[in-house]
Amino acid sequence: MEHFEKGVTPSDKELNGSNLRVLIVHTRWNLPIVEALVKGAKETMISKHNVLAENIVIESVPGAYELPFAAKALIQSAQAQGSSASGDLLASATDLLGELTTSADKKPDSPNPGAKKAKKGAFDAVICVGVLIKGSTMHFEYICEAVSQGIMRVGLDSNIPVIFGVLTCLNDEQAHNRAGLVPNGHNHGEDWGSAAVEMALVKNRAL
Ligand code: DLZ
């Protein structure tokens, strides 16, 4: 048998996200690990897929159980605001992980008149990011089940791709490994960033 490399094989298509607007909703439970995953997703979308930093909106919720509701509410309000002037509210939503905002993100307008501008209105994709770590009770099982079903439902009901960026780990070590926080670890946030761009392009029939 050929050598088997576990994980996702990158798409052979060009994943150009320069015209996409993406929402990342993340938990504040297990925040240091979540921050690494959000950073991985954000930086991959910007550096690998040309998503504009100003077209990535980041919001937070307490825990993973809240992710589906928040994703749905934010998708709906962005759609309702559409391209109207009130769209500025979400377009300028604060980056709740301030340290993830680079100085380039903060430039109000590009001096280059041909440069792409920040999009307003509906999101093309959403990434829900969280880290569930099994404890000694059944809480983990209930939350995992509810969150995975909820995230799937939000995507199918809203017709916006919602990426399942939730680690469901048996211990801290697994979580650190999958957030790329240990040597030879892999940051799954990077895969989620690529998945969001790919699925947004599928949804927009741009692939
Ligand atoms: C309660 C709880 C527990 C035990 N563990 C986690 C976890 O590992 N990761 C996470 O994101 N959230 C956890 N929560 C919080 C729930 O997701 C939720 O925020 C609360 O039950 C309130 O609805």
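Order of listing sets the numbers, starting from 1, for every ligand and every atom in it.
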Quick check: closest heavy atoms across [X] and [Y], and the distance to 0.1 Å?
{"X": "Ser60", "Y": "Arg28", "value": "OG-NH1, 2.8 Å"}
{"X": "Ala200", "Y": "Leu20", "value": "CB-CD1, 3.7 Å"}
{"X": "Cys169", "Y": "Phe140", "value": "O-CE1, 3.5 Å"}

Subject >> Residue pairs passing the ring pair (Phe, Tyr, Trp, His ring centres under 6.0 Å) test where at least one lies in residues 146-194, sequence neighbours excluded >> reply: His186-His188
Subject >> Residue Glu141 excluded, over 12 heavy atoms near CD under 6.0 Å >> reply: yes
List ligand 1's nitrogen or oxygen atoms that come under 3.5 Å of a protein nitrogen or oxygen, with the partner atom and distance.
from	atom 1	to	atom 2	distance (Å)
ligand 1	8 (O)	Ile133	N	3.2
ligand 1	9 (N)	Val131	O	2.9
ligand 1	11 (O)	Ala64	N	2.9
ligand 1	17 (O)	Ala64	N	3.2
ligand 1	17 (O)	Tyr65	N	3.1
ligand 1	19 (O)	Gly63	N	3.4
ligand 1	19 (O)	Glu66	OE1	2.5
ligand 1	23 (O)	Glu66	OE2	2.5

**OP:** Give a yes-or-no answer on whether the side chains of His49 and Thr44 include a donor-acceptor pair shorter than 3.5 Å.
**Re:** no
